[in-house]
2 protein chains.
Amino acid sequence: MFVIGELINGMYLSIARAIKEKDKAEIQKCAQVQIEAGADALDINCGPGCKDPVTDIQWLVETIQEVTDKTLVLDSSKSKVIESGLKVIKNKVIINSTMADPEKLEIFLPLAKKYNAKLIGLAMSSKGVPQNKDQRLELAAQIVSTCQDVGFPVEDLYLDPILLPVNVGQAQMVDILESIKDFKIISEPSPKTVVGLSNVSQGTYVRSLVNRTFLVMATAYGLDAAILDPKDTELMNALITAELILNKQIYCDSFLDAYKKK
Amino acid sequence: MFVIGELINGMYLSIARAIKEKDKAEIQKCAQVQIEAGADALDINCGPGCKDPVTDIQWLVETIQEVTDKTLVLDSSKSKVIESGLKVIKNKVIINSTMADPEKLEIFLPLAKKYNAKLIGLAMSSKGVPQNKDQRLELAAQIVSTCQDVGFPVEDLYLDPILLPVNVGQAQMVDILESIKDFKIISEPSPKTVVGLSNVSQGTYVRSLVNRTFLVMATAYGLDAAILDPKDTELMNALITAELILNKQIYCDSFLDAYKKK
């Protein structure tokens with residue numbers, strides 16, 4: 001599993017304050033703590049209250065690049081914010097995200113190609129969230145087909161089936177799991193798959209338990225990447241154990257520690 | 001998930017002692033604790049050191065039937081021990097277990113029919129443990145086909161894919177998970193599936209974590225029943241949450257408590 005740390009996000013008060021006051025140490029600490037906990041990449045989101053995300057995302061990227069060469073995941077629905085971040089990128093980079101609408105893909109795919117970025121494509125459009133597996137597959141196929149048309153490598157595309165909170169979309173959870181498997185067979189080479197894990201537990205009383213249970217299932221269904229809180233030790237241990245059972249990491253008695261030293 | 005409590009087993013010293021000294025209270029407490037923790041049925045195994053299992057299994061069955069009408073699962077490879085237990089059964093009953101050899105099925109299937117018992121069929125033979133998915137499916141199909149020949153209802157058959165310890169059979173774990181799904185399509189109506197969960201973590205240092213991670217995956221693959229330790233709260237919570245995500249229990253904020261009151 002490609003683990004994308006979710007904690008550098010202005011929706012958290014400590015990060016919002018650090019962005020506002022340009023407190024490098026706070027951001028760099030948040031980056032390092034996530035990497036030590038097992039993150040392969042870091043999501044960067046200025047947050048809903050940020051007054052000047054076009055400027056602030058550059059500061060965030062530069063601040064984080066001072067302490068790590070891990071992949072950065074630029075998280076915004078606004079192409080101007082994304083492009084601003086891309087202009088100062090030195091590390092590997094993933095754009096998070098585009099919807100499936102042709103007019104969105106027309107903007108984000110050329111941007112990804114220009115900056116040699118990977119791209120997260122959401123299986124949703126401006127018409128709203130898909131209601132079943134077929135709608136997810138249709139939207140995902142639309143994205144893959146556009147990638148092929150414009151010569152964007154499909155293996156650099158991460159398809160997101162749109163994970164709903166279990167207390168809202170309970171009837172769709174099996175469809176979402178099966179979409180993870182179905183997306184892989186849309187094309188050869190396969191696109192990759194990703195979820196924003198914390199969505200599944202929004203509004204529930206036992207968030208970590210719901211998160212890790214869904215993640216174990218999604219891992220069994222072949223999920224490639226997840227945006228999550230790597231500081232949640234129980235979540236990471238569940239993930240490591242799931243990958244062990246699926247024979248993706250060789251067994252040793254101290255397999256939990258071995259993963260973190262990889 | 002049909003939860004079969006594994007704790008009434010003479011391999012545990014307290015149970016071996018209780019059997020030897022005919023300590024009813026100890027056995028009845030072990031039955032009740034498991035039921036309170038969420039067990040739908042209780043496995044009963046006299047244990048490897050038991051000198052007279054033919055007699056002792058009757059005492060165990062009668063002792064447990066004094067305090068519960070839950071299904072009892074008679075656990076022995078010896079048909080004499082099983083039949084002895086069946087003679088005093090009043091509750092619903094499952095025989096645990098037969099192998100796939102014709103000479104075993106010739107004994108256990110008539111016994112199950114005579115006493116109106118369900119039957120666990122192991123996807124293994126006296127030649128040994130299967131080495132891959134195809135061998136598992138072949139042995140399972142052999143059991144199903146014999147059931148059909150002798151008129152034993154396939155929906156009363158629980159097929160066990162033979163769960164190996166992850167530190168021994170790591171390369172077979174995906175095959176085992178896929179067998180759970182494949183066994184369901186051997187016939188219509190489908191046979192049921194069961195695993196002896198604790199096997200997966202034999203010899204590992206984090207048994208509960210390995211158990212619950214495998215159980216969540218197996219639940220996603222459609223497992224019907226598991227023999228497990230219902231007193232392991234983290235295991236039961238993982239199972240309940242997996243079933244919630246799979247939409248098998250309606251969401252409510254206190255879904256963990258709601259399950260136990262079902």
Side-chain angles (χ1 to χ4, degrees), chain A residues 163-178 180-181 197 200-223 233-259, chain B residues 163-178 180-181 197 200-223 233-259:
Chain A
L163 186 47
L164 303 172
V166 65
N167 59 1
V168 172
Q170 197 186 2
Q172 284 200 58
M173 304 312 285
V174 172
D175 272 8
I176 293 167
L177 286 166
E178 289 183 351
I180 291 168
K181 191 169 271 185
L197 183 65
V200 74
S201 65
Q202 281 281 2
T204 70
Y205 286 6
V206 283
R207 294 204 61 175
S208 175
L209 175 63
V210 171
N211 287 342
R212 67 180 175 265
T213 305
F214 185 86
L215 185 62
V216 167
M217 290 177 157
T219 304
Y221 274 80
L223 184 69
T233 308
E234 287 190 277
L235 174 65
M236 290 301 288
N237 286 350
L239 171 60
I240 296 164
T241 308
E243 297 211 310
L244 183 86
I245 290 171
L246 295 173
N247 205 17
K248 292 184 176 178
Q249 187 198 338
I250 293 171
Y251 181 86
C252 67
D253 284 339
S254 55
F255 67 88
L256 293 175
D257 293 335
Y259 179 93
Chain B
L163 185 48
L164 303 172
V166 66
N167 59 0
V168 171
Q170 197 185 0
Q172 285 200 56
M173 303 312 284
V174 172
D175 273 8
I176 293 166
L177 285 168
E178 289 182 352
I180 291 168
K181 191 168 273 187
L197 184 65
V200 75
S201 65
Q202 282 281 1
T204 70
Y205 287 6
V206 282
R207 294 204 61 175
S208 175
L209 175 63
V210 171
N211 287 342
R212 66 180 175 265
T213 306
F214 184 86
L215 185 61
V216 167
M217 290 177 157
T219 304
Y221 274 80
L223 184 70
T233 307
E234 287 190 277
L235 174 65
M236 290 301 288
N237 286 349
L239 171 60
I240 296 164
T241 307
E243 297 211 309
L244 183 86
I245 289 171
L246 295 172
N247 205 18
K248 292 181 176 180
Q249 187 198 337
I250 293 171
Y251 181 86
C252 67
D253 284 339
S254 56
F255 67 89
L256 293 175
D257 292 335
Y259 179 93

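These numbers were taken from a predicted model, which means no experiment stands behind them.
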Between B:Met217, B:Glu234, B:Met173, the one whose heavy-atom pairs under 4.5 Å with chain A are most numerous: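 It is B:Met217.
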Contact check, side chains of A:Val210 and B:Phe255, non-hydrogen atoms, under 4.5 Å: yes
4.5 Å side-chain heavy-atom contact, A:Leu244 and B:Val166: yes
Nearest heavy-atom neighbours spanning A:Gln170 and B:Tyr251: OE1-N, 3.0 Å
Residue list, side-chain contact (heavy atoms from CB on, under 4.5 Å) with B:Ala218, at least two apart or on another chain: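 side-chain contact (heavy atoms from CB on, under 4.5 Å) list for B:Ala218, sorted by chain: B:Leu177, B:Ile180, B:Phe214, B:Leu223.
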So which part of [X] gets closer than 4.5 Å to some heavy atom of chain B, the side chain, the backbone, both or neither?
| X | value |
| --- | --- |
| A:Gln249 | backbone |
| A:Gln172 | neither |
| A:Val200 | neither |
| A:Leu239 | neither |

Largest heavy-atom contact set with chain B, pairs under 4.5 Å, which of A:Val174, A:Asn167, A:Leu246, A:Val206: A:Asn167
Top of A:Leu256, A:Ile176, A:Val216 for chain B proximity - count of heavy-atom pairs under 4.5 angstrom: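 The option with the most such pairs is A:Val216.
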Under the side chain to side chain donor-acceptor pair (under 3.5 Å) test, residues paired with B:Thr204 that sit two or more places apart: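 Testing B:Thr204 for side chain to side chain donor-acceptor pair (under 3.5 Å), a comparison that skips the adjacent residues, returns none.
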